[in-house]
Chemist: 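Below is a structure I'd like to ask you about.
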Number of protein chains: 2
Amino acid sequence: MAQERPLPSVVERMWGREPVTRRGPRPRLDLATITDAAIEIADAEGLTGVSMAAVASRVGVAATALYRYVDSKEDLLTAMTDGIVPPPPEPEGTPWRDYLALWTRIQRDLLLEHAWLLSVVRLVPPLGPQRLLWFDRALTALEGTGLGPGEKVNVVTSLTGYALTDATLTYGLGVGDPQMESASISGAADYGEMLTGLIDPETYPSLSAVLHEGAMHGAEGWVEDADFVFGLDLLLDGVEALIGRRAR
Amino acid sequence: MAQERPLPSVVERMWGREPVTRRGPRPRLDLATITDAAIEIADAEGLTGVSMAAVASRVGVAATALYRYVDSKEDLLTAMTDGIVPPPPEPEGTPWRDYLALWTRIQRDLLLEHAWLLSVVRLVPPLGPQRLLWFDRALTALEGTGLGPGEKVNVVTSLTGYALTDATLTYGLGVGDPQMESASISGAADYGEMLTGLIDPETYPSLSAVLHEGAMHGAEGWVEDADFVFGLDLLLDGVEALIGRRAR
DNA sequence: ACCTGAACACCGTTCAAGT
DNA sequence: ACCTGAACACCGTTCAAGT
């Protein structure tokens with residue numbers, strides 16, 4: 001048994017453990033209020049709108065007062081990644097494959113609805129109660145498959161990564177970055193067109209071939225729902241094969 | 001045939017097309033020089049060290065002079081993602097599965113060696129000559145598998161995403177963010193220990209179980225090389241199954 | 001045409017001072 | 001103990017002025 005180490009204070013607060021204080025004026029805020037305000041700003045204006053000053057003024061407080069609740073802006077961003085996550089669907093009775101497909105899709109959609117998440121979530125492992133609830137339910141869905149604990153964790157991890165990858169790609173080829181506009185690229189067709197104009201067929205033979213076969217400007221675009229399902233099935237087929245091996 | 005649209009000027013410059021200029025003093029710099037300087041700073045100090053002023057002073061110029069070569073800092077970051085990439089291995093003669101496994105691994109390692117890439121690469125689709133060369137060679141490796149062009153693109157995309165996912169996870173549980181130190185979390189064992197102290201077994205039954213079975217503090221840690229291979233094989237098994245179906 | 005230097009409108013974070 | 005307000009050391013980017 002290892003010795004308990006003090007937890008980062010954001011983590012404490014994400015779990016609702018505000019420090020118990022007895023004397024002095026009562027706190028006017030708590031972490032959740034601040035986090036919610038920051039999320040609203042991010043949804044409306046993107047991550048660039050989320051300054052300490054903007055968040056503070058939205059909750060009616062001086063910018064520097066936030067540092068009573070958060071050690072740094074980075075901590076605030078961490079708290080936001082948990083605050084945005086809704087409860088996961090419950091897996092009971094659903095076959096593992098159906099559940100995990102749904103689980104992955106909802107995560108992907110959440111990332112697309114709140115594109116600022118893509119920039120933040122990547123760098124922070126799940127630490128808060130909401131994201132860990134998702135983690136838990138995916139593991140639940142894999143019970144009875146015969147996979148070992150490490151294997152389950154690996155499978156879930158791969159699916160989270162897939163949601164992130166797909167959302168990033170869809171977003172990256174889509175409307176473009178917050179304000180950069182990605183200089184007139186919007187959509188896979190534009191992207192393919194751009195590449196066609198840049199690459200020469202001798203140095204990039206296979207890419208040229210694929211572009212000419214129209215892989216990136218079909219009627220449906222490049223990364224659409226069909227592509228999400230395609231990649232997801234690739235992964236789930238792998239999982240299914242593994243489960244088959246373990247069940248033997 | 002769609003009409004040509006003007007390319008973003010960073011993209012032009014990434015492809016070596018500096019504007020041809022005839023009068024006035026000769027330019028003292030080019031994009032590659034600036035990009036290389038920025039990369040050296042990022043490698044040494046992380047992305048936080050990369051300010052326009054710092055990059056400019058490293059190439060011996062006033063901060064504002066950089067705007068002759070780059071429209072914005074964001075454009076500089078975009079150029080960095082291509083500048084850091086080495087040439088890909090050549091696939092000729094290698095079986096597709098071996099090649100793609102190597103291809104994915106090198107990308108993963110590159111991301112871990114230059115962790116700042118994780119924050120940038122996500123949001124920018126491949127636009128430069130180096131990253132597109134990688135794309136091309138992966139497509140080449142899939143020639144003769146019977147996959148369609150769209151399928152090939154999807155496979156390659158999934159593998160890129162996997163490299164990103166694995167690197168992010170390894171990094172996120174590792175040393176921690178640039179300077180944030182992630183407050184004393186370093187390594188999967190610490191992470192597992194932290195979770196054990198936070199979650200209660202009734203709300204998080206499967207996660208508790210997995211933690212007690214030691215899935216996250218084995219001798220090898222959580223996300224190590226074995227885990228990289230595990231997830232990769234999951235994907236490649238899926239690809240192999242698909243190829244089998246197409247070949248029939 | 002290229003580069004400089006001053007200037008602008010911001011940042012995140014500290015710290016002493018009020019209550 | 002909580003919050004404010006001034007202050008600090010930065011940012012990215014603009015623009016007129018030099019050559």
Side-chain angles (χ1 to χ4, degrees), chain A residues 9-10 12-13 17-31 33-35 37-38 41-42 45-80 119-120 177-181 183, chain B residues 9-10 12-13 17-31 33-34 37-38 41-42 45-80 116 119-120 177-181 183:
Chain A
S9 75
V10 222
E12 295 273 19
R13 279 207 161 89
R17 305 184 193 167
E18 309 277 336
V20 194
T21 144
R22 211 145 296 276
R23 71 138 126 305
R26 297 252 263 50
R28 279 222 284 273
L29 304 168
D30 56 12
L31 180 60
T33 306
I34 295 168
T35 300
I41 295 172
E45 312 171 29
L47 223 42
T48 51
V50 182
S51 66
M52 296 302 271
V55 175
S57 101
R58 181 171 261 263
V59 297
V61 111
T64 51
L66 298 185
Y67 290 91
R68 290 273 130 197
Y69 300 90
V70 131
D71 286 341
S72 65
K73 186 183 178 180
E74 192 156 350
D75 279 2
L76 173 57
L77 293 173
T78 300
M80 288 169 72
S119 316
V120 184
D177 309 8
Q179 72 267 53
M180 157 181 176
E181 284 286 301
Chain B
S9 75
V10 221
E12 295 273 19
R13 279 208 161 88
R17 305 186 193 164
E18 309 277 338
V20 194
T21 144
R22 211 145 296 276
R23 69 138 127 308
R26 297 250 265 51
R28 279 223 283 272
L29 303 169
D30 56 12
L31 180 61
T33 306
I34 295 169
I41 295 172
E45 312 171 30
L47 223 42
T48 51
V50 182
S51 66
M52 297 302 271
V55 175
S57 103
R58 181 172 260 263
V59 297
V61 112
T64 51
L66 298 185
Y67 291 90
R68 289 274 130 195
Y69 301 89
V70 132
D71 286 341
S72 64
K73 186 182 179 181
E74 191 156 349
D75 280 1
L76 174 56
L77 294 173
T78 300
M80 289 170 72
W116 53 268
S119 316
V120 184
D177 308 7
Q179 72 267 52
M180 159 182 173
E181 284 285 299

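It should be emphasised that the depicted structure is a prediction, and the values quoted were computed from it without experimental measurement.
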Chemist: Suppose we define a pair by two distances each less than 3.5 Å, Watson-Crick or G-U wobble; what does dC15(D) pair with here?
Modeler: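 Pair assignment: dC15(D) / dG5(C).
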Chemist: Can you check whether any acceptor in the base of dG12(C) is under 3.5 Å from a donor in the side chain of Ser51(A), or vice versa?
Modeler: no
Chemist: Once you round it to whole Å, what is the distance between C1' of dC3(C) and CG of Leu29(B)?
Modeler: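 Rounding to the nearest Å, CG of Leu29(B) and C1' of dC3(C) are 10 Å apart.
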Chemist: Using purine N1 to pyrimidine N3 plus N6-O4 or O6-N4 for Watson-Crick, or N1-O2 and O6-N3 for G-U wobble, both under 3.5 Å, which nucleotide pairs with dC10(D)?
Modeler: none
Chemist: With DNA chain C as reference, determine whether Asp71(A) or Gly49(A) sits nearer its 5' end, using the nearest nucleotide of each.
Modeler: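 The 5'-side residue here is Gly49(A).
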Chemist: Strictly below 4.0 Å: does Tyr67(B) bring a side-chain N or O up to OP1 or OP2 of dC2(C)?
Modeler: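 It does not, given that no N or O in the side chain of Tyr67(B) lies less than 4.0 Å from OP1 or OP2 of dC2(C).
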Chemist: In whole Å, I'd like the distance from the CG atom of Leu47(B) to the P atom of dG12(D).
Modeler: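 Roughly 11 Å, once rounded to whole Å.
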Chemist: Tell me which of Ala63(B) and Pro25(B) sits closer to the 5' end of DNA chain D, going by the nucleotide each one is nearest to.
Modeler: Ala63(B)
Chemist: What distance do Met80(B) atom CE and Ile41(B) atom CD1 have between them, rounded to the nearest 0.5 Å?
Modeler: 8.0 Å
Chemist: For the pair made of CZ in Arg68(B) and P in dT13(D), what is the distance, rounded to whole Å?
Modeler: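 The answer, rounded to whole Å, is 15 Å.
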Chemist: Once you round it to whole Å, what is the distance between P of dT4(C) and CE of Met52(B)?
Modeler: 13 Å
Chemist: Does Thr64(B) make a side-chain donor-acceptor contact with the base of dG5(C), cut-off 3.5 Å?
Modeler: yes
Chemist: Closest approach to the side chain of Arg28(A), judged atom by atom: which nucleotide of dG12(C), dT4(C), dC3(D) is it?
Modeler: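 Within the option list, the nearest is dC3(D).
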Chemist: Can you tell me the distance, in whole Å, between the OH atom of Tyr69(A) and the P atom of dA1(D)?
Modeler: 14 Å
Chemist: Rounded to the nearest 0.5 Å, what separation is found between the CG atom of Leu29(B) and the CZ atom of Arg26(B)?
Modeler: 12.0 Å
Chemist: Taking CG from Asp30(B) and C1' from dA1(C), how many angstroms apart are they, rounded to a whole number?
Modeler: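 For the pair Asp30(B) CG and dA1(C) C1', the rounded distance is 16 Å.
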Chemist: Would you indicate whether the side-chain heavy atoms of Ile34(B) and Val55(B) approach each other to under 4.5 Å?
Modeler: yes
Chemist: Between Leu66(A) (CG) and dT13(C) (C1'), how many Å, whole number?
Modeler: 11 Å
Chemist: For the pair made of CD in Glu74(A) and P in dT13(C), what is the distance, rounded to whole Å?
Modeler: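 Taking atom P of dT13(C) as the reference, CD of Glu74(A) is at 9 Å.
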Chemist: Within the 3.5 Å criterion, strictly below it, is a donor on Thr33(B) or Asp30(B) matched to an acceptor on the partner's side chain?
Modeler: yes
Chemist: May I ask you to test the Arg28(A)-Val59(A) pair for a side-chain heavy-atom distance under 4.5 Å?
Modeler: no
